[in-house]
2 protein chains.
Amino acid sequence: MRMGELSRKTGVPVPTIKYYVREGLLPPGELSSPNQATYGEAHERRLRLIRALLDVGGMKVAEIADVLAALDDPERPLHKVLGAAADRLGSANIEHDDAEATTAQAVVADLVSRRGWRTHESNPAAIDLSKALAAMARLGHGAFVEVLDDYADAAEQVARADLTYVDRRVAVEDMVEGVVVGTVLGEAVFSALRRLAHVDASAKLYGTEGPPERKTS
Amino acid sequence: MRMGELSRKTGVPVPTIKYYVREGLLPPGELSSPNQATYGEAHERRLRLIRALLDVGGMKVAEIADVLAALDDPERPLHKVLGAAADRLGSANIEHDDAEATTAQAVVADLVSRRGWRTHESNPAAIDLSKALAAMARLGHGAFVEVLDDYADAAEQVARADLTYVDRRVAVEDMVEGVVVGTVLGEAVFSALRRLAHVDASAKLYGTEGPPERKTS
DNA sequence: ATCAACGGATAGCGGCACTATCCGCTATCC
DNA sequence: GGATAGCGGATAGTGCCGCTATCCGTTGAT
């Protein structure tokens with residue numbers, strides 16, 4: 001298969017494929033002549049993965065390059081790959097060293113120890129979590145921590161489902177890719193489900209007509 | 001308060017504040033002279049909200065403008081505001097009219113009716129959901145639908161917690177803003193929690209040393 | 001023999017979130 | 001009352017990002 005056919009099969013324009021190769025997302029084709037290359041099914045699969053991570057997962061090209069490099073490196077342990085995949089919602093690197101930040105960090109530490117989670121507070125996810133909680137506190141929603149355990153329960157359930165799926169369904173040689181897909185696209189799935197459930201819960205709480213009267217400020 | 005002080009209090013540079021005013025995110029200050037304006041606490045609060053939605057929620061400036069316009073319009077029913085807030089993860093508008101897309105739409109319709117969710121399949125969230133599922137199917141992870149109900153359970157739990165919090169904690173006049181904050185920042189919170197739980201579940205399944213041997217392709 | 005398609009390299013584009021500069025005016029300090 | 005810092009407002013520019021367009025010499029299909 002040559003580039004034109006690869007493009008037709010995946011719907012990705014030829015110049016874009018070239019761009020992905022340049023950026024290291026897609027390995028170059030195998031050269032049959034000094035300037036003719038052929039692409040196989042692996043390229044097609046990889047290309048679809050790239051587009052899914054980009055379009056559905058909302059990842060950036062550079063992040064995808066990192067993840068795929070980790071994916072292709074058999075030396076790299078799975079959690080490093082996942083780290084590369086998951087440390088993307090960095091919520092910007094804005095340092096707020098105020099009271100809210102300190103409180104939020106304490107809340108996160110407490111949560112982690114209370115649930116016995118085997119993780120460290122230096123985990124980027126923990127940092128993101130405390131940043132999000134601190135931002136809520138600064139907006140006057142510090143009381144949100146009261147429902148944090150409900151959130152954590154749900155997160156555990158999702159994580160369990162995710163791991164179960166990967167463990168049950170995916171062959172060992174594809175496990176790493178399966179985890180990446182599950183983590184990144186699973187987030188999009190859950191986000192959509194949450195919004196659907198939100199509509200439903202709101203309807204049940206306030207009746208089908210929607211929420212009650214508004215008397216905004 | 002004048003612009004410089006607003007900038008100092010919130011950490012947002014003055015030209016950026018001007019930019020937000022231009023883009024309609026922040027109402028202009030009240031003019032005391034033809035070219036002097038004063039800003040109040042509402043501006044400060046609004047500015048913090050903008051930064052939270054931008055930095056933590058990952059929303060775009062134009063989306064925030066929509067949401068805030070809806071927020072400021074007392075005529076607009078809450079679900080419209082939320083729609084403006086939630087319809088952002090549009091996962092790009094790429095139309096794949098293939099078998100996977102059709103299957104995914106059927107799966108979503110089935111899920112919605114099975115759970116009795118009071119929503120319609122034209123809901124953007126439902127469309128996003130089927131797009132995400134279709135993308136997974138194209139990547140060979142069509143079996144992911146087997147854990148979809150676990151995801152949906154968790155989503156319902158989160159939605160319930162969210163609504164409970166808003167209903168219990170937030171005064172009626174701030175309800176709309178509370179829902180927006182809960183929806184957008186809550187997503188960041190849950191995402192981080194999911195990643196934490198993922199690490200823990202992985203550790204419990206595969207032992208503390210991490211996942212098993214890799215034998216990638 | 002012709003001619004579209006190929007790979008490779010380089011330059012450009014459009015969108016986005018700012019950022020820098022300039023303007024004439026004003027509040028404030030001495 | 002004169003200097004100076006800051007103000008609000010307008011316009012243009014910056015840097016990054018995900019492509020996209022163009023050009024080149026080569027090659028495979030007809």
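Quick note on labels: first sequence line is chain A, next is B, and so on, each numbered from 1. Computed from a prediction, not measured in an experiment: that's the story for all the values here.
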Test salt bridge (Lys or Arg N to Asp or Glu O under 4.0 Å) applied to [X] - qualifying residues, sequence neighbours left out:
X: B/R45; answer: B/E177
X: A/K9; answer: A/E44
X: A/E146; answer: B/R168, B/R169

List in chain and number order the residues that pass side-chain hydrogen bond (donor to acceptor under 3.5 Å, both in side chains) with [X], two or more places apart in sequence or in another chain; answer none if no residue qualifies.
X: B/Y39; result: none
X: B/D98; result: B/R138
X: A/E30; result: none
X: B/H43; result: none

Validation row: B/K60, B/L54 side chains within 4.5 angstrom (heavy atoms): no
Any side-chain heavy-atom pair of A/S130 and A/V107 under 4.5 Å: no
Of all pairs that satisfy ring pair (Phe, Tyr, Trp, His ring centres under 6.0 Å), the ones with a partner from residues 12-32 of chain B, not counting sequence neighbours: none
B/E121 atom CD, over 12 foreign heavy atoms within 6.0 Å: no
Range on DNA chain C touched by chain B, heavy atoms, distance below 4.0 Å: C/dA17 to C/dA27
Interface residues of residues 33-52 of chain B with DNA chain C (non-hydrogen, below 4.0 angstrom): B/S33, B/P34, B/N35, B/Q36
Stem regions touching DNA chain C, defined by at least 3 consecutive Watson-Crick or wobble G-U pairs below 3.5 angstrom: C:1-30 with D:1-30
DNA chain D contacts made by residues 2-21 of chain B, counting heavy atoms under 4.0 Å: B/M3, B/G4, B/K18
Interatomic distance, A/D55 CG vs D/dC17 P [rounded to whole Å]: 18 Å
Side-chain donor or acceptor of B/T183 paired with backbone N/O of B/V179 under 3.5 Å: yes
